Amino acid sequence: MTAVGTATSSAGAHAPALARLRRALGGRRFVPYYYLAPMVVLLGLFTYWPFVHTVYLSLTEWNLRPDTPLEFVGAANFAEITGNRLFQDALRNTLIYIAGSIPLKVLLPIPIAVFLWSLGPGGQVYRSVIFLPTLLSFVVVSVVFLWLLNPIGGHAQQFFALFGLSFPNVLGQPTAALWTILLISTWKIIGFNTLLYIAGLASINRDYIEAMRIDGAGDWAVLRHLIWPLLTPTTFFVLIATVIFSIQQVFTPIDIMTEGGPANGTTNLFYMVYQYAFVVFNVGYGAAGTVMLFVLLLAVTLIKVRLLDRHVHYDQ
Amino acid sequence: MRLSAPWRVVGHTILLALCLSVLVPLLIAVGTAFKPSNEVYSILPWPTAPTLDNFVRIFTDTPFAIYTWNSVGTTGLRVAGQLLFAVLTAYAFARWDFPGRELLFALVLGAMMIPHQLTMIPIYILVAELQWFDTWRALIIPNLAMPFGVFLLRQHFRSFPKEIFDAAEIDGAGHWRALWLVVLPNLRPALAALTIILFIDTWNEYFWPLLVTDTPESRTIQVGIRQFLEEDFDDYGALMAGLTLASLPALAIFFFFQRQVMDTFVASGIKG
């Protein structure tokens, strides 16, 4: 309140100066900047500055406590992390998550989409059902599966018991746990990716297909020589989106279902960063891990934004 | 295009299997939410004596009501803010040519290439220094800028005839009134689509709330659910009731605006 009061009284004293200022700032040429100001300030404060600051923090050592000083250590964090077992496991798992996602989340939806597209409007119920997991939070999905897979009394175990079989404790073994998370993340995204392909297919002119049919082409020929080539841009887009998804979004099932274990079996680079920065409070390690993750993500994201731009253009 | 009969059989079989794999886990979860406690571990997916007890207990035995309020409040305020700032930004870019336009535009869209996860540590430190930790402010303010919204709205502004601005001007409407009276009504479908995406995304968000909340006072539903696991909460009936309630808003929107929701998600490709 004091500040406002002062401003008012000084405005009275320097009325001509203030009027000049108001004229200058109220001029039409400043108008666009007023509209942009909130966004620019927010992005500066919460995107660009933190981004640069992360790079700086990656060269320091600090435990997040205000009373301990931050120490500049240069590139030591990078050397120490990469020599670390956790990093090597996380990097290996990240690559497995990506590699496993390609057949499951990128290729598998293609035949599903082609089939749904061939049904026309008749496939609406299928589409709605497979879209459902997209709407659910990954927390909900992870908890449901955690409970279904519970080795004691979970539905999977009970179902197997009906046939006298015992259901393995899939989350208790590193490789099985990783593939379980991979399959659950497939469950979550496959419907969405299928819809992306259907959107890509919708732009294919059906006259071409008729023409090929008249020339005696079978299903396979149409698929191979017409649909697949026209679907290539969509496939590439889905691939990029899926890679980003596989790096970022599996954080939630990892955190809820295994916390990176057993024996680092399910952790990935992003989860490693989280643990360094916010579980053991090693800011330098966390930031250094983030910078390495950034290099990986930047390449992928750059391509994605390019494609997104083109993708939306096609729609119009 | 019609596929030949054998392919159609294969297709329907695969799709039915896929739909079952989606529906069975969800039905078991929802079914359990309505089970009395002595049936929770029964293999039957549905209750033999349905009850609402679980829904009562999740509210009486846990801070679920506060979690819900936090989710509703922070999601509402955050989405409103994101929409407002995205509209202002997209409007300025669509309407005027001004020095620095290209640079600022690159700055805004460039931010889309910096995922949240890469900026979290400094923002976390900033939030702690500002004493925002464990408050609604921490959940809302760092997330108000949504370059993706600007990107999407720009696509719609492009199809806007420039004359519409001039016409509003001639009618004596300033740029501010023109925005609210002429531009926004014409953007309604795009804004509705954007709102749906932002709402579902924010409502389901897990990572950021996990970092900056610490007590029930500010925990959102998603983080609250994790807290149940953390505390070895073993009332699975109530837990499933909580999951059902947490999923209800997004499913309700989907139920009423099925086509729009699916089209919007696809058009944006934001998921992922």
Side-chain angles (χ1 to χ4, degrees), chain A residues 31-32 35-36 38-40 42-43 46-47 50-51 53-54 57 115 118 126 128-140 143-145 147-148 153 155 158 192 195-196 199 209 219 241-242 244-245 248 251-252 256 270 277-278 283 286-287 290 294 297 301-302 305 308 311-312 315, chain B residues 1-4 7 11 14-15 18-19 21-23 25-26 28-29 41 43 85 88-89 91-92 96 98 104 107-108 111-115 117-119 121-123 142 144-145 155 159 175 200 204 206-207 211 222 225-226 229 236 243 246-247 250-251 254 258 262 265-267 269 271-272:
Chain A
V31 166
Y35 279 92
L36 291 175
M39 180 66 81
V40 170
L42 285 167
L43 287 179
F46 296 114
T47 303
F51 177 61
H53 199 55
T54 299
L57 288 173
F115 173 70
S118 79
Y126 284 145
S128 299
V129 172
I130 62 174
F131 184 71
L132 281 178
T134 311
L135 297 163
L136 302 173
S137 84
F138 227 145
V139 175
V140 167
V143 175
V144 168
F145 277 103
W147 185 64
L148 292 177
H155 277 77
Q158 292 199 44
F192 177 67
L195 290 187
L196 285 179
I209 301 171
D219 287 345
T242 303
I244 296 178
F245 180 86
Q248 296 177 351
F251 175 88
T252 309
I256 301 265
F270 182 27
F278 304 107
V283 174
T290 308
F294 171 70
L297 276 173
T301 315
L302 260 171
V305 172
L308 188 63
H311 206 72
V312 183
D315 287 351
Chain B
M1 159 174 133
R2 271 176 70 84
L3 294 170
S4 53
W7 281 114
I14 292 173
L15 254 301
L18 193 60
C19 287
S21 86
V22 167
L23 289 176
L26 299 183
I28 294 177
Y41 284 99
I43 190 167
F85 295 135
L88 294 182
T89 310
Y91 181 57
W96 292 290
F98 47 88
L104 286 167
L107 198 75
V108 171
M112 273 170 73
M113 273 177 266
I114 305 178
Q117 289 84 355
L118 301 180
T119 54
I121 298 173
I123 300 179
L144 283 178
Q155 302 292 334
S159 57
H175 45 80
I200 293 177
N204 286 343
Y206 174 64
F207 185 68
L211 291 191
Q222 310 297 340
I225 290 170
R226 173 198 150 108
L229 299 182
Y236 283 103
L243 297 185
S247 311
L251 292 177
F254 182 58
Q258 220 171 47
M262 283 160 75
F265 267 93
V266 168
K271 278 265 148 257

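In what follows, chains are A, B, ... by sequence order, proteins preceding strands, each numbered from 1. Since we're looking at a predicted model, the values are computed, not measured.
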Any donor-acceptor pair under 3.5 Å from A:T54 side chain to B:L118 backbone
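A pair under 3.5 Å: yes.
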Among [options], residue most engaged with chain B (heavy-atom pairs, under 4.5 Å):
| options | answer |
| --- | --- |
| A:W147, A:F294, A:F145 | A:W147 |
| A:I130, A:V40, A:L136 | A:L136 |
| A:P38, A:G153, A:P133, A:S128 | A:S128 |
| A:L135, A:V143, A:L297, A:L148 | A:L135 |

CH2 (B:W7) with more than 12 external heavy atoms under 6.0 Å
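No - once you tally the heavy atoms of other residues, nucleotides and ligands closer than 6.0 Å, there are 12 at most.
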Below 4.5 Å from any heavy atom of chain A, which atoms of [X] appear? Answer side chain, backbone, both or neither.
| X | result |
| --- | --- |
| B:L229 | side chain |
| B:L243 | both |
| B:Q258 | side chain |

Picking from [options], which has the most non-hydrogen pairs under 4.5 angstrom with chain A?
| options | answer |
| --- | --- |
| B:A246, B:C19, B:A92, B:S247 | B:C19 |
| B:I225, B:L107, B:L18 | B:L107 |
| B:S21, B:A29, B:P142 | B:P142 |

Testing the basics here: between [X] and [Y], what is the closest heavy-atom pair and its distance to 0.1 Å?
| X | Y | value |
| --- | --- | --- |
| A:F46 | B:I123 | O-CD1, 3.2 Å |
| B:V266 | A:L196 | O-CD2, 3.6 Å |
| A:F131 | B:M262 | CD2-CG, 3.6 Å |
| B:T119 | A:T47 | CG2-O, 3.4 Å |
| B:P122 | A:P50 | CG-O, 3.1 Å |

A:F115 and B:I14, any side-chain heavy atoms less than 4.5 Å apart:
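The answer is no; the side chains never approach within 4.5 Å.
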Any side-chain heavy-atom pair from B:L23 and A:L132 closer than 4.5 angstrom?
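Yes, at least one pair of side-chain atoms sits under 4.5 Å.
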Contact origin within A:Y126 toward chain B - heavy atom pairs under 4.5 Å
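Both parts, backbone and side chain.
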What residues, two or more places apart in sequence or in another chain, satisfy side chain to side chain contact (heavy atoms under 4.5 Å, CB included) together with A:T252?
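Once residues adjacent in sequence are excluded, the partners of A:T252 under the side chain to side chain contact (heavy atoms under 4.5 Å, CB included) criterion are A:F138, A:V139, A:S142, A:I256, B:Y206.
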In Å, rounded to the nearest 0.5 Å, how long is the span from CZ of A:F51 to CD1 of B:I114?
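Atom-to-atom, A:F51:CZ and B:I114:CD1 are 5.0 Å apart.
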Apply the test side-chain contact (heavy atoms from CB on, under 4.5 Å) to residues A:L42 and B:F85: give CA-CA distance (whole Å), side-chain angles for both, the deciding distance (0.1 Å), then the verdict.
CA-CA 10 Å; A:L42 285 167; B:F85 295 135; 3.7 Å; yes
Under the side-chain contact (heavy atoms from CB on, under 4.5 Å) rule, what do A:V144 and B:I28 come out as? Steps first, then yes or no, please.
CA-CA 9 Å; A:V144 168; B:I28 294 177; over 6 Å; no
With B:H175, which residues qualify under side-chain hydrogen bond (donor to acceptor under 3.5 Å, both in side chains), at least two apart?
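Here the qualifying residues are A:Y35.
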